[in-house]
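Single-structure report; data block below.
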Amino acid sequence: MIWNEKFETMSDDEMADFQLEKLKETTAWVYDRLPFYKRKLDEKGVHPDDIKDLSDLGKLPFTVKTDLRDNYPFGLCAVPMTEVVRVHASSGTTGKPITGPYTAADLDQWADCMARNFYAAGVGPEDIFQNAYGMGLFTGGLGFHQAASKIGCTIVPASSGMTERQVTLIQDFGATSIGCTPSYALTIAEKARDMGVDLRELPLRVGIFGAEPWTEEMRREIEERMGINAHEAYGLTELMGPGVSFDCEAKDGLHVNEDHIMAEVIDPITEEVLPHGTQGELIFTAIQRRAMPMIRYRTRDITTLRREKCACGRTLVKMDKIYGRSDDMLIISGVNVFPSQIEAILLEVPEVEPQYVLIIRKKGYLDALSVDVEARPEVYDLGEEKLKEIEKKIVDKIRGTVGIGVAVRLVPPKSIERSEGKAKRVFDARNM
Ligand code: DLL
């Protein structure tokens, strides 16, 4: 199912023409209205009139997270507040939150982008959609809500948390589809099992998961535990929220809604734009938003772009599943490691649950990594000797695949805190 045939299957040439027109319009929009962008463009010696070609995007300055924090709350809002109809925000871990103001037209476009996500996952008007993303300032809850509403799904606005109730609602209301973070999907699946409810026997058939990195191995695990097709949503508050990109039935990368958001990948150190097929930091330019357009935003998310024929018929450029965030990259014995690499290995080990945490500690002058992972209940009961054997197996697997030595500890079932939203899986104990 394709929601917006025109833009999702547009030819590359037509898309390029469309993007150029919108890029010109948006650059002039921010230049004329926001002193922040005027100063940044002037410093680079670029004027909106200098944009003649799509490659001129590379001449524009980057915007970074601290620019948003420095302009908190509405310094980057390009319309009067009377035209702003809603504000979302992401808390982040440090400093001021990132705010996202929207005009009525921005909200409409956002709903269109998210509706594409629903259709690509095979969720339509006849579906009952349980929305277990957190409702509120977080863009997940209302972002999914307004799209499901536009499509005409029957919405169950459960929000996140109260997991037992989530299971009961799925059961009683006959939800056919669900949205939440992948880690919360695992929590729901586990709670269902504890309650003696077999989700695989219920009408639930699709999930749309996102807001945090997850591996293909995690996707298969969730599909198996819930008896569903697990699809993906990607996005960030700075660029509207979910709806930036989504996967389709091919499950081979995520289509970027590039008529709204242009994507580039750069080398995070040299800031040089990289060719498609090369991994680097994702950069987004929002070319249609009016309250808070964004010029070349550095996401810190690591991926690769590809423009290729997709089995689903969409022509929208694809990005690979997010490999990790540059902030989450660990350097262990001189080797760069992303948590996703460890997750992929752990999920291949049949004796453990998909519940783990990574702890970074100081070992002399170097950083050392410890992995705590839960043993399956029946495995945990086999005793210490067996656990040691499995721990060693995991240590060897990680050394063989990632090339680093780590300490692995199998911990008791249910001893790792369960997630209801974005899971916190990396702990820094270097200063403890
Ligand atoms: O997490 C928006 C969202 C809500 C996306 C619901 C999908 C579903 P923020 O809270 O601003 O916005 O966090 C944005 O989360 O830069 C990524 O690092 C990460 N992220 C979001 N989706 C994915 C995904 C929402 N599918 C940050 N895979 C982004 C990996 C993701 N990381």
Side-chain angles (χ1 to χ4, degrees), residues 63-65 68-69 87-100 102 110-111 113-114 116-118 120-121 129 131-148 159-160 178-185 207-219 222 230-248 251 253-257 261 263 268 281-284 286 292 294 297-304 318-329 338-340 343-344 419-426:
T63 309
V64 295
K65 205 179 265 287
L68 275 82
R69 297 228 154 99
V87 181
H88 280 283
S90 79
S91 51
T93 41
T94 49
K96 296 259 195 252
I98 299 293
T99 42
Y102 307 74
W110 183 19
C113 288
M114 271 309 296
R116 301 178 190 184
N117 200 158
F118 274 77
F129 176 68
N131 190 355
Y133 282 107
M135 296 282 170
L137 282 176
F138 176 50
T139 53
L142 284 167
F144 273 73
H145 181 91
Q146 67 207 7
S159 192
S160 63
I178 187 164
C180 60
T181 60
S183 58
Y184 193 44
I208 308 178
F209 305 118
E212 63 184 4
W214 56 314
T215 55
E216 281 302 329
E217 287 75 12
M218 187 64 94
R219 189 206 298 265
I222 294 171
H231 277 284
E232 176 153 12
Y234 166 86
L236 50 163
T237 312
E238 297 88 321
L239 270 308
M240 79 173 137
V244 171
S245 67
F246 59 90
D247 68 359
C248 58
K251 290 190 188 159
L254 293 93
H255 291 284
V256 181
N257 280 317
I261 290 166
E281 178 182 344
L282 253 180
I283 306 295
F284 288 126
M292 198 173 77
M294 199 46 75
Y297 184 68
R298 291 192 60 165
T299 63
R300 304 190 197 174
D301 290 332
I302 307 293
T303 190
T304 309
K318 281 189 191 179
M319 55 182 251
D320 283 331
K321 231 172 167 0
I322 298 288
Y323 197 57
R325 291 178 58 79
S326 54
D327 324 14
D328 289 344
M329 190 182 79
F338 280 101
S340 61
E343 176 177 300
S419 154
E420 293 186 349
K422 293 178 191 253
K424 178 154 173 56
R425 293 204 176 96
V426 182

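In each ligand, atom 1 is the first atom listed, and ligand 1 is the first ligand listed.
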**OP:** Evaluate the side chain to side chain contact (heavy atoms under 4.5 Å, CB included) criterion for residues V256 and F284: first the C-alpha distance (whole Å), next the side-chain angles of each, then the deciding distance (0.1 Å), finally the verdict.
**Re:** CA-CA 10 Å; V256 181; F284 288 126; 4.3 Å; yes
Original post:
Between D327 and K65, is a salt bridge (Lys or Arg N to Asp or Glu O under 4.0 Å) present by the stated rule, with each step listed?
Top reply: CA-CA 12 Å; D327 324 14; K65 205 179 265 287; over 6 Å; no
**OP:** Tell me, with the steps shown, if H88 and Y102 meet side chain to side chain contact (heavy atoms under 4.5 Å, CB included).
**Re:** CA-CA 8 Å; H88 280 283; Y102 307 74; 3.5 Å; yes
**OP:** Dump the intermediate steps for side chain to side chain contact (heavy atoms under 4.5 Å, CB included) on Q146 and M114, then the final yes or no.
**Re:** CA-CA 8 Å; Q146 67 207 7; M114 271 309 296; 5.9 Å; no
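At the top of the distance list for atom 31 (C) of ligand 1, counting protein heavy atoms only, stands E212 N, 3.6 Å. Considering only non-hydrogen protein atoms, atom 11 (O) of ligand 1 sits nearest to T237 OG1, 2.6 Å. Atom 16 (O) of ligand 1 has its closest protein heavy atom at D301 OD2, 2.7 Å. The protein heavy atom nearest to atom 6 (C) of ligand 1 is Y133 CE2, 3.5 Å. Nearest protein heavy-atom contact of atom 1 (O) of ligand 1 is K422 NZ, 2.8 Å.
A286 approaches L239 most closely through the heavy-atom pair CB-CD1, 3.7 Å. Nearest approach of F129 to I178, heavy atoms of both residues: CE1-C, 3.5 Å.
A salt bridge is defined here as a Lys NZ or Arg NE, NH1 or NH2 lying under 4.0 Å from an Asp or Glu carboxylate O, and K251 with E216 fails to meet this definition.
Taking 4.0 Å as the cut-off, F138 counts as a neighbour of ligand 1 on heavy-atom distance. In this structure, R300 falls outside the shell of residues with a heavy atom less than 4.0 angstrom from ligand 1.
Remark: ligand 1 atoms within the under-4.0 Å shell around heavy atoms of E232 are 24 (C), 26 (N), 28 (N).
Using cut-offs of 30° and 60° for the angle between ring planes, the H255 and F246 rings count as tilted.
For I322, every heavy-atom contact with ligand 1 shorter than 4.0 Å involves the side chain, none the backbone.
Checking G235, S90, A211 against atom 14 (C) of ligand 1, the nearest heavy atom belongs to G235.
In terms of N/O distances under 3.5 Å, ligand 1 is approached by A233.
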